Amino acid sequence: MEFTEEQLKRYSRHIILPEVGGKGQKKISGAKVLIVGAGGLGCPAGYYLAAAGVGTLAIVDNDTVELSNLQRQIAHSVKTLNVNKAESAKQTFEALNPDVNVIAVKERINSRNILNLIRDYDIIVDGTDNFPTRYLINDACVMLRKPLVSGAILRFEGQVTAILPGEGPCYRCLFEEPPPPGLVPSCQEAGVLGVLPGVIGALQATEVLKLILGKGLPLKGSLLIYDALGVNFRKVKIPRNDNCPVCGKNPRIKELSDLPEEYCSI
Amino acid sequence: MAVKVKIPVPLQRLTGGREEVEGTPGTIISLINDLDRKYPGLAERISEGGKIRRFVNVYVNEEDVRFMKNEETEVKDGDEVSIVPAIAGGGVFCKKGGR
């Protein structure tokens, strides 16, 4: 595939980077990335990946846009209130970059559809807001050996890590189980500074591009923690857990299952 | 000098908004219980029956205590302890609450 004049201009600031070049930009154009959740994290991550020219970008979300989302979910607007979020994000990303094949998947991801949804993609981005889906995505990515860039946010703090199944630890090596439902407050109760998912989603997009390009050190085996109030970025190590229930030596989890809905009540 | 303990945002309301507090050297579990005397409620959110909860990790100088001596891991003056909960857009440390 050769770039058109217009594409050369559009991606010129990438192509000029020795670490990217025409070759790297072609890798980006050929990449297929799936983002779960068109919310606080999925919007900025998808926005930057669309701008970067990722060839195929799928967004999975079955929610509709509400006014209270617009404080942080920057791919949506008052024009797309009540519209499905994946569809709303698709419109925004296509307006930014028509090169990108944006696929809106208006489904709620679950144990029955996840493997088929992610199978054809190179990299998965977790931008979900609840534990059941987070663990489900991790387990499915481990089973299909899909690289996963995971991000999470709360109030003024965010966490990011890249999971490369077979090469490094998974999310269950980090936190074996989700917290019990009783200890999880609602999203409304917890709150989040609107720009925080912007920072974390942009970090996720950065990790995706690095994986596509094969450049730099992937954020594997480490959890990056951002504390907006204290202005701290710190990393802690995630050792691979031999007893991990999904990627350890004797995995107990061999099939996908959905956690009870109570877990979802955030 | 003491042990520096990094408190995650969801627990900072128990420490009067402080993101870093000072603890006493010893084992991790004694450090947590000691902090609980100063900041009541902290221990039960991090541990249960003397064991660190499974959705909370404790790191000493970036190393996960689960791969050292767990609750019995010794910390000394100058060590930095981080308490890191699993988060997912909601939170984990609040008491049971409505939507």
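Letters A, B, ... are given to chains in the order of the sequence lines, protein chains preceding strands, and every chain is numbered from 1. No experiment lies behind these values; they were computed from the predicted model shown.
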Got a second to check how far [X]'s [atom1] is from [Y]'s [atom2], nearest 0.5 Å?
X: Asn232(A); Y: Lys6(B); atom1: CG; atom2: NZ; answer: 4.5 Å
X: Arg155(A); Y: Gln12(B); atom1: CZ; atom2: CD; answer: 9.5 Å
X: Phe131(A); Y: Ile87(B); atom1: CZ; atom2: CD1; answer: 7.5 Å

Just so I know, are the side chains of [X] and [Y] near enough to count as touching, which here means a heavy-atom distance under 4.5 Å?
X: Val84(B); Y: Gln159(A); result: yes
X: Glu19(B); Y: Asp227(A); result: yes
X: Phe67(B); Y: Asn241(A); result: yes
X: Arg234(A); Y: Glu62(B); result: no

If we ignore hydrogens and angles and just use 3.5 Å, is the side chain of Arg66(B) paired with the main-chain N or O of Leu174(A) as donor and acceptor?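 At least one qualifying donor-acceptor pair exists.
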Polar side-chain atom of Asp64(B) near backbone of Lys237(A) as donor-acceptor pair, under 3.5 Å: no
Counting heavy atoms not belonging to [X], are there more than 12 under 6.0 Å from its [atom1]?
X: Asn250(A); atom1: CG; answer: no
X: Lys235(A); atom1: NZ; answer: no
X: Tyr226(A); atom1: OH; answer: yes

Contact summary for Phe55(B) and Pro179(A), nearest pair of heavy atoms: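 Taking every non-hydrogen atom into account, CD2-CA, 3.4 Å.
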Exercise: identify the closest heavy-atom pair between Phe175(A) and Asn57(B):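 Minimum heavy-atom separation between Phe175(A) and Asn57(B): CE2-ND2, 3.5 Å.
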